[in-house]
Structure formats: C-alpha cells, structure tokens
2 protein chains.
Amino acid sequence: MSVMTLHRPAHRDALALLESAFGDGRMVTVFGRCRVEYDGRASSSLGPGDRLVVCKPDGTILVHTDEQREPVNWQPPGCTHRASVREGRLRIRSERTSPEERLDVAFERIEQVSAYEVTDRSDLALTGSEEDLRQRILDDPSLVEVGFEPTAAERETAAGPVDLFGSDAEERPVVVELKRRRVGPSAASQLTRYVAAVDEEFPETGVRGILVAPSVTDRTAAMLDERGLEFVALEPVGDEDTADASGASPDDDAEPG
Amino acid sequence: MSVMTLHRPAHRDALALLESAFGDGRMVTVFGRCRVEYDGRASSSLGPGDRLVVCKPDGTILVHTDEQREPVNWQPPGCTHRASVREGRLRIRSERTSPEERLDVAFERIEQVSAYEVTDRSDLALTGSEEDLRQRILDDPSLVEVGFEPTAAERETAAGPVDLFGSDAEERPVVVELKRRRVGPSAASQLTRYVAAVDEEFPETGVRGILVAPSVTDRTAAMLDERGLEFVALEPVGDEDTADASGASPDDDAEPG
DNA sequence: TACTGTATTTCGCTA
DNA sequence: TAGCGAAGTACAGTA
C-alpha cells in the first residue's frame with residue numbers, strides 16, 4: 001500500500017510503524033504533542049506543543065509548527081533516525097557526525113502517524129537564477145556595454161572566482177559581478193575584492209569593475225561610486241511582464257469561478 | 001476532532017476538506033502524485049511525482065520530496081491558499097503580492113489528505129548564537145583583549161551597524177565584528193567596510209578592527225593581515241564539551257538498549 | 001573534506 | 001516599507 005496511517009495509536013504501535021518505515025526507506029509524518037531538544041552547532045530546547053514532524057528516507061528530519069516556512073527544529077540529510085518508547089513517550093532521535101549533532105523529539109500524545117512510499121523522478125526546471133543572467137549576457141555581451149567581450153566565466157583570482165571576466169573596447173580588463181536581485185553593500189565589497197585581486201594580476205591596466213543587477217541600494221551606489229566601480233541595471237529574465245494576472249499563461253487551464 | 005484524514009478520497013471530497021481547513025485555520029497535508037508550477041521572483045516547473053504538500057494557516061505552503069531539507073517548491077507566510085477541482089485534478093493555488101508570486105500544485109492522484117488542529121505556545125530557546133557571543137564578551141571584555149572597553153553594541157556607522165564598538169587600553173577606537181562560526185572572505189570585507197567608516201569619523205586615531213570568531217580560512221587570514229586587521233579566536237559558548245556522547249546530559253533520560 | 005558563493009534564501013530588526 | 005545582516009542557514013560546485 002502507498003500510505004499506511006495510524007490514528008491515535010498506542011506508542012508501541014506507532015513505534016512499530018516508524019521502525020518499519022525507517023527500515024523501508026519510506027517517508028514518515030507524525031503529528032502530536034511533543035517536546036524537542038537539539039544539541040550540536042548550537043543548542044535549543046522547545047517546550048510542549050502540537051507539531052508536524054517529517055522524517056525523510058535520506059535522513060532529513062523536520063519539525064514544523066503552524067507558522068513560518070522554516071522548521072522550528074530540524075536535521076539535514078545524512079542523519080540516522082531511531083525511534084523508541086521510554087517513560088511513556090514515543091521518541092525519535094536523529095543523529096549525525098561532523099558536525100556531531102543530535103535532535104530528540106519526545107511525543108506525549110500522538111494524533112496520527114503516516115508512512116508514505118515516495119517516488120519522484122522529475123527534476124525542477126528553474127529560470128530566473130543568476131546563472132540565467134550570466135547566460136543572457138554571454139548571448140549578448142552588449143547588454144553590459146558595447147564592446148564588452150567576455151573571455152571567461154567563474155574565472156579564478158586570488159580573491160576567489162569572478163562571475164564574468166573579459167575586456168572592454170579599449171582592451172582594459174573587466175570584472176563583472178552578477179546578482180539576480182537588488183543588491184546591498186556586500187555585493188560592492190565582493191566586487192571590490194575581485195577588482196583588487198585582478199589589479200594585482202594586471203598592474204597599471206586600469207582594471208574595471210562592473211556590478212550587474214536589477215538595482216542597488218543608495219548606500220551601495222555610494223560605495224561603488226567612491227571606489228570607481230560601475231553599475232549596469234539588468235535582470236535575469238527580459239521584461240516579460242512576469243506577474244501578469246490578466247493574461248492566462250499557456251499552461252494555466254484553471255478558470256476563476 | 002484534532003485530526004481529520006481522508007484516504008484515497010475523490011477529488012471533491014478532498015476539496016471539501018481543504019476548503020474547510022483553509023477556512024478554519026487548520027494545517028493541512030496532502031500526499032499524492034502532482035505537478036507544480038511556480039512564477040514570481042523566478043519561475044519553475046516540476047513534472048509529475050509523489051510529494052508531500054503542507055499548507056499552514058499562516059499562508060505558508062511547502063512541497064516536499066523524499067530528499068533534502070529544503071522544499072522543492074514553496075510559498076512563504078502571508079499567501080492566500082485556494083483549492084479547486086479542474087480537469088480531473090485537485091489544485092491548490094497559493095498567491096501573494098509584493099512580490100507578486102503564484103504557486104500551483106495539481107494532483108492527479110491523492111493518496112491522503114489530513115487537516116490538523118495545531119496549538120503551540122512554546123517558544124524556542126536557543127543558545128550558541130552570535131548574540132550569545134556578544135553577551136559573553138560584554139560580560140568579560142578581556143576575552144577580546146585586556147583593556148578593551150565596549151561602549152556600544154550595534155553602533156551605527158556610515159557603512160552600517162557595527163557589532164561592538166569601544167576603545168582599547170590606549171584609547172584607540174576599536175571595531176569588533178562577531179561571527180558564531182568559522183568565517184570566510186566576506187567577514188573580512190565587512191570588517192574592512194566598518195573600520196573605514198569609523199576611520200572617517202575619527203581620523204588619525206588609528207582605528208583598530210578585530211574579527212572575533214572560532215576560526216578563519218587561510219585566505220581570510222591573509223586578507224585580515226594585508227589590511228592590518230586582527231583576529232581573536234572565540235566561540236559563542238565556552239568549552240563545554242558540547243558533543244559528549246559518553247556523559248549523559250541532565251535532561252536526557254533515554255538509555256541505550 | 002574544506003572553501004567559496006548563491007538562494008524564489010528566510011527571518012528579525014530598525015529607521 | 002525598505003535596508004541591512006544573521007542563520008544550527010542549506011546547497012552546489014570545486015580543489
């Protein structure tokens with residue numbers, strides 16, 4: 001069966017399902033009143049409350065409350081889950097090494113336990129990333145500046161890899177830093193680091209630094225200005241009127257009403 | 001009842017439960033074969049597969065596969081969820097404005113739908129954050145350096161707020177940047193920015209910059225050195241042997257075997 | 001494994 | 001609301 005569910009199970013029955021599912025590679029959800037203790041890179045303690053706990057076959061565990069996108073507690077992939085019953089509580093312990101981390105969830109009441117057989121072969125196709133912005137520029141370098149000729153992407157420097165490297169119409173080296181959204185001071189610092197490193201490679205050549213992003217904050221614009229760096233406004237995807245609520249997208253066959 | 005669950009429901013029955021739960025402020029999980037389309041800050045398309053979809057009453061929606069801590073698709077809190085049935089598929093649409101974003105999940109098969117009544121009043125108590133590191137230093141400034149006197153936390157400068165600001169034994173201004181874990185180049189850049197800003201405030205005073213963190217990468221150490229910045233090794237919590245598997249913690253009443 | 005940077009980052013805080 | 005920086009960030013790519 002694809003889903004196995006127990007409602008208000010006795011702890012020992014819940015335990016049996018959990019152990020079976022952990023052994024099987026099935027995904028598990030447990031909903032009930034629990035406490036959570038975490039110790040590792042940091043430490044945390046969470047008092048009693050109703051939460052949804054999700055255990056994935058890859059060793060991920062998530063503890064979700066009724067709010068926020070982020071789990072209140074979690075363990076990343078690669079952990080080992082074990083279930084047990086001690087002192088009238090169903091416990092799930094998730095551990096890993098390097099770093100040494102431990103998560104303990106103790107249920108005093110279980111409303112529901114489910115185990116799911118999951119199959120998912122599809123990959124996510126995402127557009128609008130920084131990678132898309134880079135491709136857009138490589139397809140048409142004049143978007144940055146007429147005469148700009150990119151010679152390398154992710155070019156290594158003493159300060160780390162530069163998004164785009166090339167030369168301008170006057171053969172001066174050009175360092176381009178790409179951001180998919182409006183940027184703050186850290187992007188200006190980053191570009192500064194790269195330009196300084198390239199400047200040591202090619203002294204006296206007047207290395208230019210160009211930040212390409214949809215927009216910059218005022219303080220960042222000032223920083224760029226002070227340091228003789230440039231800004232070009234550009235987005236990962238062309239002006240496609242992405243958020244058009246009036247026109248129906250091709251694959252959107254839903255109708256209101 | 002605290003949990004309401006339907007197994008392999010007809011779409012219209014699943015729809016009824018979803019609409020009721022969205023109206024109620026109950027949390028919902030749906031497990032089944034679905035496709036997902038997202039459009040907003042970026043765009044994505046996800047082909048058919050079995051996934052666990054979680055809808056929270058605060059407007060969060062998560063689409064989880066059997067792998068990774070991160071949902072393959074999501075929508076943050078504040079969104080509006082609507083369910084419908086079109087062309088033989090149960091659809092969940094989650095929308096928000098500013099930014100305009102839309103997530104569509106279309107189920108071709110539903111294995112299980114559950115609605116949960118969630119109550120959670122407990123707050124997470126976390127230790128080991130950067131804030132703890134700051135408090136540790138304010139309690140004993142000599143951890144940074146004998147003679148260091150902090151005068152302000154989060155002190156505003158032209159480059160942004162500085163973690164700790166104060167003076168050394170020789171009355172020189174000191175800028176301290178705190179990190180709870182091993183740091184890379186961006187932390188050095190950050191400190192550089194702050195020191196430059198404070199240096200403009202107090203010219204000719206020999207403003208010092210100190211990075212306080214557990215450790216730094218080699219490249220970062222070189223950057224600090226070049227710029228005349230200093231490093232002090234310190235962790236958010238004292239050496240408490242946090243990851244001690246042999247000794248039982250006070251609140252750990254679980255026994256192996 | 002360690003280092004580096006991106007992210008539909010999310011989140012909290014402050015002006 | 002926008003700006004700014006932290007996070008138990010997670011995650012991918014590379015050396």
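Computed from coordinates, the B:D104 CG to C:dT8 C1' distance equals 15 Å when rounded to whole Å. Atoms CG (B:L62) and P (C:dT10) sit 11 Å apart, rounded to a whole Å. Rounded to whole Å, atom P of C:dT1 lies 13 Å from atom CD of A:E100. The distance from atom CD of B:E154 to atom P of C:dA15 is 10 Å, rounded to the nearest whole Å. Atom CZ of A:R155 and atom C1' of D:dT14 are 17 Å apart (whole Å). Rounding to whole angstrom units, CG of residue A:L191 and P of C:dT6 are separated by 12 Å.
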Reading nucleotides 5-12 of chain D from 5' to 3' and marking B where a protein heavy atom lies under 4.0 Å of the base, S where only the sugar-phosphate is that close, and - otherwise, the string is SSSBBSSS
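Comparing D:dA7 with C:dG5, their C1' atoms are spaced 16 Å from each other, to the whole Å. The C1' atoms of D:dA6 and D:dA10 are separated by 14 Å, rounded to the nearest whole Å. With both ends at atom C1', the span from C:dT6 to C:dT10 equals 14 Å, rounded to whole Å. On the C1' atoms, D:dG5 is 13 Å away from D:dT9, given to the nearest whole Å. On the P atoms, D:dC11 is 15 Å away from C:dC11, given to the nearest whole Å.
Side-chain N or O atoms of A:T157 include none that pairs as donor or acceptor with a backbone N or O of A:V198 at under 3.5 Å. The main-chain N or O of B:E235 is found under 3.5 Å from a side-chain atom of B:R136 such that the two form a donor-acceptor pair. A:K56 places a side-chain N or O within 3.5 Å of a backbone atom of B:E67 that can act as its donor or acceptor partner. A donor-acceptor contact shorter than 3.5 Å links the side chain of A:R219 to the backbone of B:A158.
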Chi angles and distances behind the side chain to side chain donor-acceptor pair (under 3.5 Å) call for A:E101, A:Y38: CA-CA 8 Å; A:E101 291 198 298; A:Y38 155 74; 2.4 Å; yes
Starting at the 5' end of DNA chain D, write a dot or bracket for each base, bracketing those in Watson-Crick or G-U wobble pairs whose two distances are under 3.5 Å and using | for partners on another strand. |||||||.|||||||
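Comparing A:T97 and B:T220 by the nucleotide of DNA chain C whose heavy atom lies nearest to each, the residue mapping closer to the 5' end is A:T97.
Annotation: cation-pi geometry not satisfied between B:R26 and B:Y116 (NZ/CZ under 6.0 angstrom from ring centroid, within 45° of ring axis). Figure legend: cation-pi geometry between B:R89 and B:F107 absent, as NZ or CZ is not positioned both under 6.0 Å from the six-membered ring centre and within 45° of its axis.
Salt-bridge formation is detected for the pair A:R93/A:D104: a Lys NZ or Arg NE/NH1/NH2 atom is positioned less than 4.0 Å from an Asp or Glu carboxylate oxygen.
Below 30°, between 30° and 60°, or above 60°: for A:F165 and A:F202 the angle between ring planes is below 30°, a parallel geometry.
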